[in-house]
Colleague: 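Quick one: the structure is below, and I'll ask about it shortly.
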Amino acid sequence: MEKRYDHQTIEKKWQAAWESGKVWEAGEKKGTPKFYVLDMFPYPSAQGLHVGHPEGYTASDIEARYLRMRGYDVLHPMGFDSFGLPAENFAIKTGTHPAATTIKNIKAMRAQIKRLGFSYDWSREVITSDPAYYRWTQWIFVQLFKRGLAYEADAPINWCPSCKTGLANEEVVDGKCERCGTGVTKKQIKQWLVKITDERYIERLQNDLDQLDWPESIKLLQKNWIGRSEGAEVDFAVAGSTKKKKLAVIVHGSPSQAGYPDPTVQHWLPWMAVQLERMGFHVAVPALPRANAPVYGEWKRAFEKSIKGFEIDEDAVLIGHSAGTSFLVRYLSEQKKKVSRLVLVAPSKVVVSADSEHHQRLRELYNFKAQYGIADKVLVLYSADDKESVSVTAKFYKDFYKADVQQFADRGHFTAKDGVRELPEALKWIRAGICGPISEVVRVFTTRPDTLFGATYLVLSPEHPLVSRITTLEQKKEVDAYVHKAAAKSDLERTDLAKQKTGVFTGAYAANPVNNAQIPIWIADYVLASYGTGAIMAVPAHDERDFEFATKFNLAIIQVIKQPGVMPPRALESFASPAAAGHQQSDLESKCWTGDGTMVHSGEYDGMDSVEFKKKITAWLEKNGKGKASVNYKLRDWLFSRQRYWGEPIPVVHCEKCGQVAVPEKQLPVKLPNVKKYKPTGTGESPLAAITKWVHTKCPVCGGKAQRETNTMPQWAGSNWYWLRYCDPHNGKKLADPKKLKAWLPVDLYVGGAEHAVLHLLYARFIYKFLCDINVIPSEVIEKYGDEPFKKLKNQGLILGEDGVKMSKSRGNVINPDDVVERYGADTLRMYEMFMGPFEDKKPWSTEGIKGVSRFLNKLWNVAGRVQAVSVPETLERYRHRMVKKITDDIESFSFNTAVSTFMQAVNTLHTGTVVPAPFLETLLVILSPFAPHIAEELWQRLGHAKSIAYEKWPQYDEKALKAEKVTIVVQVNGKVRDTIIASADATEENVKKTALMQDKIKKYIARTPKKIIFVKNRLINFVV
RNA sequence: GCCGCCGUGGUGGAACUGGUAUACACGAGGGACUUAAAAUCCCUUGGGGGCAACCCCGUGUCGGUUCGAUUCCGACCGGCGGCACCA
């Protein structure tokens, strides 16, 4: 046998053998349990593989190979996340098409990865920039859009004035453009957003974290990012406004079946109710009886009951949906009442002969004559793709009432099924029609309703809609100036913590709902418009920020919670010295106490515990209609459009008549067209906007003139769902065959960097939940595993340069994995990266350290050369069992560094020993093969085995054989080690004691009979004297 | 500021559930082989004291709990990561 093992020849040989033998293809073992081991797929960069990549890939490969040997059918795929900025930047510089660059980089990187001997099933490779793949990325977007979860809004984005392009948050470093270092400003541009904050998802995204086997730190990071806060919304009536609240009623339609979920919380109704409440309306959403077969008289009674205390008068706003519209028109016509605004959504008043049995049932309700003058203004909303009876009715109202009409293309019957959860158009119409102050109420959000008695002023954000309405004439100038200044400030300026708080008084006052105290209303930019209600109640005695503000502007500070365990300053003075009374200086009451305690200055509630009072006061607010319990989140909607070329085109067409229309699924993918110039146009549009031929298209609905959306999707779009495609990568009809998804989902183990904690991992969870909801993920998977995509997550730690700093070209501390493989081989690189330290810790590279692993593999090679066909001696046999157990446990717990050390010890043992028994060596090779597969295969073959070691069963160990015959027992006197003795395993306390006391070393320390003896079996005996 | 994680030899790190602190590896020193170097092999290697047997100290610092603490508790110091006026 050769003196040194030739890694170059051996590794090439086995990589070829695995590939031609299709050893790693998944789905081959019928009837065995599945296991899905996933790596975070790389971006194919021109720099190629970084030494950080093989760290995670080796760990997952060890797990995959181990599990195959344990009999699992393992899915272990790899692919490329190939849309992204670097390829585009390269294109801007050189004019090379990003597709060409990408293909080149993928080729190079794939070869690099293959040289490391990972057991990937390459037949399943996915590439996100491949049209066959992004067709489905776009398809998912269309599904989101159809359900109202993707929407366009005027959003302020990060804007680099030098590069003339919008930037993602992750491209802004310390407020500067990552590329050119220019200060980033805000620009208001139409943007696509994905509604990750939707009530149907945000709660689940937060709560489901608890059930995941993920690092606690990552779960916490996500929790903080989502930022759930529980508290209450409280209404403060603005002083001097005595007008009573106006009424708004929303009337649901007639669902087709009885027993259908409560129609009052369906579709866009809850959303509308919240919006109207915010405008200051008293909102009623009556649940009408026998909704699926309405009888007018019954509905009338229920309707009137629901608005008791209020009147249908000329200030009222009524909104109806479907059959509800008929009810409202009939009610107003027959009662001869007039309201201010009447909104009719998907109205129906007629039954067309083709209509279903359910529609026939509505004849009773429809049997009336509409009268003129029932509303000041009428709005009708309907969609072209709804039933004929709806458009007929809509046209009737249009002519009869001269109603405003808004026609849509694809909203169906305006139900949740049609993806309609909001009706901003209707809200805008209502808002526009109503002049003057409609609300005399400032609604605030607070997590501390228990401090309500201590609220001494209110603060609105400068953008708050109420600001201009409540500001007094005297204060107008000052307020306008402040609002103007705030608008001009950058985010960085506004959120700079070091800066002094600023603000102005509006001149208005509001009444504290608990005691009617009149408190001033201020505006200040430390209150954010985008969080909660955009307004706060300030409690300077118990909030640091309010305290700072109140001190600066000389506002009242009222203490309402007494800090527990401290003495009020005056009480303290009566003691001779604080220390004598058991109190230190720090026990003095702090100026601003933000913790819990006992209520003071809170009327009848004085003396109550603040935690208890919080619940009490929330219930009180609710009962008296002055507020309610409420939950808020820090998470914002997900900005989903980029003004870039190299990304998935957003599959939407803008039609002059129909508005935004999703590209029909049959026409997907919307292929990325070829452009000559990749540079942004300067207007904030994507380079795609310059291709007029591509931009101008026909509307898929009406066939009229339309323009394509020119923004592309962000990097995260492709990685949101790629692990689903691995299950069925070549499917041309569906995203993936449900049978195949059922066979593999969910991912059992996901390995990758922690830097994705709140981006990729949050988005991926959201998209997966969405796909579960729309039945893309088979229900069997959801029933069995829930709607989380990744059961277990492991984060690899960063590999730093030798100097202990992050590797970077500019520092010149980058290690190229190719060089390492060339010199030491893939097995050495794999094992070294596992040996460096705990998998999840960051650790520095050491060019000296890797030699140790290289020496170890050579030593193994030489030891194997001395192998003899003899049976294993007993001590070595026991060692073999211990070794198998240790390696098994270490793989299960991701403790690869100690596993490598165990291998080293085993080889050292063989090295110093006289014989190398073949059965021992064989076991060693089998359990080593997941770590160093090439050398293991080669030596395995040289031992005379014809089949790949990959097909070997993972060895068992015998618990009994683990026990040593003799054990070393530590003898302590007063807890200090004084001696050790060898005893037989499981020796009794009596025997150990006797032997121990006979030792000279021990006698020396023990003069009298020990007071106490502590005995731990097989471990130690401790004499206390 | 808030939240989380981490402090062990010259270095990377090990130590099960509170039970011999420093496994394994690197580096360093000494030796063997060699004309020499590389490679390989053997020995030593936490600090201090002692000729030696052996003794004392030692896991960021200071306290506590315990027969016994790297491990549990409290305070502090230092480092890393995240969030950043989120009411």
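Please read these numbers as outputs of a predicted model, since none were measured by experiment.
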Colleague: Please report the distance separating the P of B:rU11 from the corresponding atom of B:rA28, rounded so that it comes out in whole Å.
Modeller: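 To the nearest whole Å, 15 Å.
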Colleague: Base contacts versus sugar-phosphate-only contacts with protein, heavy atoms under 4.0 Å: please encode nucleotides 19-25 of chain B as B, S and - from 5' to 3'.
Modeller: BBS-BBS
Colleague: Between B:rG9 and B:rC5, how far apart are the two C1' atoms, rounded to whole Å?
Modeller: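 Rounded to whole Å, the distance is 24 Å.
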Colleague: Under 4.0 Å between a side-chain N/O of A:H911 and OP1 or OP2 of B:rC42, yes or no?
Modeller: yes
Colleague: Can you tell me how far P in B:rU59 sits from the matching atom in B:rA53, rounded to whole Å?
Modeller: 25 Å
Colleague: Quick one: list whatever passes ring pair (Phe, Tyr, Trp, His ring centres under 6.0 Å) with A:W214, sequence neighbours left out.
Modeller: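 Partners of A:W214 under the ring pair (Phe, Tyr, Trp, His ring centres under 6.0 Å) test: none.
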Colleague: On a whole-Å scale, what distance lies between the C1' atoms belonging to B:rA84 and B:rC77?
Modeller: 25 Å
Colleague: May I ask you to evaluate whether A:K843 reaches the phosphate of B:rG12, defined as a side-chain N or O under 4.0 Å from OP1 or OP2?
Modeller: no
Colleague: Mind checking if A:Y1005 touches a base, just sugar-phosphate, or nothing, with heavy atoms under 4.0 Å?
Modeller: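 Counting heavy atoms under 4.0 Å across all strands, the contact made by A:Y1005 is with sugar-phosphate only.
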Colleague: Taking only the side-chain nitrogens and oxygens of A:R978, find out if one of them lies under 4.0 Å from OP1 or OP2 of B:rC56.
Modeller: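 Result: yes.
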Colleague: Cut-off 3.5 Å, no hydrogens considered: what does the side-chain donor-acceptor table look like for residues 453-460 of chain A, sequence neighbours left out?
Modeller:
| residue | atom | partner | partner atom | Å |
| --- | --- | --- | --- | --- |
| A:T456 | OG1 | A:A556 | O | 2.8 |
| A:Y457 | OH | A:D546 | O | 3.1 |

Colleague: Of the nucleotides B:rC56, B:rG13, B:rC42, which one has an atom closest to the side chain of A:P838?
Modeller: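 For the A:P838 side chain, the nearest candidate turns out to be B:rG13.
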Colleague: Indicate yes or no: does A:D235 engage A:R443 in a salt bridge with an N to O separation below 4.0 Å.
Modeller: yes
Colleague: A:T447 has a side chain; which of B:rA87, B:rG27, B:rC3 sits nearest to it?
Modeller: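 Closest of the options to the side chain of A:T447: B:rA87.
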Colleague: Pairs under 3.5 angstrom, nitrogen or oxygen only, protein versus nucleotides 43-48 of chain B, please.
Modeller:
none

Colleague: Check the interface with nucleotides 72-80 of chain B: list each N/O to N/O pair with the protein under 3.5 Å, or write none.
Modeller:
| residue | atom | partner | partner atom | Å |
| --- | --- | --- | --- | --- |
| B:rC80 | O2' | A:K842 | NZ | 3.4 |

Colleague: Verify whether the ring centers belonging to A:F547 and A:F549 lie closer than 6.0 Å.
Modeller: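 When the ring centroids of A:F547 and A:F549 are compared, they turn out to be at least 6.0 Å apart.
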Colleague: Is the shortest side-chain N/O distance from A:Y526 to OP1 or OP2 of B:rA84 below 4.0 Å?
Modeller: no
Colleague: Please report, rounded to the nearest Å, how far the P atom of B:rC85 is from the NZ atom of A:K552.
Modeller: 17 Å
Colleague: Whether A:D210 and A:K223 form a salt bridge (side-chain N of Lys/Arg under 4.0 Å from carboxylate O of Asp/Glu) is what I want to check.
Modeller: yes
Colleague: Return no unless some side-chain N or O of A:K501 is found under 4.0 Å from OP1 or OP2 of B:rC85.
Modeller: no
Colleague: Can you tell me the distance, in whole Å, between the CD atom of A:E833 and the C1' atom of B:rG12?
Modeller: 14 Å
Colleague: Evaluate the ring planes of A:W845 and A:Y832, with Trp represented by its six-membered ring, and classify them as parallel (under 30°), tilted (30 to 60°) or perpendicular (over 60°).
Modeller: perpendicular
Colleague: Classify the glycosidic conformation of B:rG9 as syn or anti, calling it syn when the angle lies within 90° of 0.
Modeller: syn
Colleague: Under the rule for side-chain hydrogen bond (donor to acceptor under 3.5 Å, both in side chains), what residues qualify as partners of A:Y633, not counting sequence neighbours?
Modeller: A:E203, A:R228
Colleague: Taking only residues two or more places apart in sequence or in another chain, which ones pass ring pair (Phe, Tyr, Trp, His ring centres under 6.0 Å) with A:F445?
Modeller: none
Colleague: Scan for salt bridge (Lys or Arg N to Asp or Glu O under 4.0 Å) pairs involving residues 1014-1025 of chain A, sequence neighbours excluded, and state none if there are none.
Modeller: A:D986-A:K1017
Colleague: Mind checking what makes ring pair (Phe, Tyr, Trp, His ring centres under 6.0 Å) contact with A:F931, not counting sequence neighbours?
Modeller: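 Here the qualifying residues are A:F903.
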Colleague: Between B:rA75 and B:rC24, how far apart are the two C1' atoms, rounded to whole Å?
Modeller: 36 Å
Colleague: Just jot down the side-chain hydrogen bond (donor to acceptor under 3.5 Å, both in side chains) partners of A:N974, sequence neighbours excluded, or say none.
Modeller: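 With sequence neighbours excluded, A:N974 shows a side-chain hydrogen bond (donor to acceptor under 3.5 Å, both in side chains) to no residue whatsoever.
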Colleague: Find the distance A:Y832:OH to B:rC26:C1' and express it as a whole number of Å.
Modeller: 9 Å
Colleague: Take atom CG of A:N862 and atom P of B:rC41, then tell me their distance rounded to the nearest Å.
Modeller: 8 Å
Colleague: Who passes side-chain contact (heavy atoms from CB on, under 4.5 Å) against A:R855, sequence neighbours left out?
Modeller: A:K851
Colleague: Taking atom C1' in both B:rC55 and B:rU61, compute the distance separating them and give it to the nearest angstrom.
Modeller: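 The answer is 27 Å between these two C1' atoms.
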Colleague: If I take atom CG in residue A:N974 and atom C1' in nucleotide B:rC56, what distance separates them, rounded to the nearest angstrom?
Modeller: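 Atom CG in A:N974 sits about 16 Å away from atom C1' in B:rC56.
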Colleague: Using whole Å, what does the distance between atom C1' of nucleotide B:rU8 and atom CG of A:D841 come to?
Modeller: 14 Å
Colleague: Counting side-chain heavy atoms from C-beta on, which of B:rG4, B:rC85, B:rA87 comes nearest to A:S217?
Modeller: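 Side chain of A:S217 sits closest to B:rG4.
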Colleague: Starting at NZ of A:K219 and ending at C1' of B:rG4, how long is that distance when rounded to a whole Å?
Modeller: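 Roughly 14 Å, once rounded to whole Å.
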Colleague: Taking atom P of B:rG82 as reference, at what distance in whole Å does atom CG of A:L220 sit?
Modeller: 14 Å
Colleague: Who passes side-chain hydrogen bond (donor to acceptor under 3.5 Å, both in side chains) against A:K859, sequence neighbours left out?
Modeller: A:N908
Colleague: How would you label the contact of A:K1001 with the nucleic acid (heavy atoms, under 4.0 Å): base, sugar-phosphate, or nothing?
Modeller: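 Since only primed, P, OP1 and OP2 atoms lie under 4.0 Å of A:K1001, the category is sugar-phosphate.
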Colleague: Return the nearest nucleotide to the side chain of A:F445; candidates are B:rA87, B:rC26, B:rC55.
Modeller: B:rA87
Colleague: Are A:D841 and A:K843 ion-paired here, with the side-chain N under 4.0 Å from a carboxylate O?
Modeller: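 So A:D841 does not pair with A:K843 through a salt bridge.
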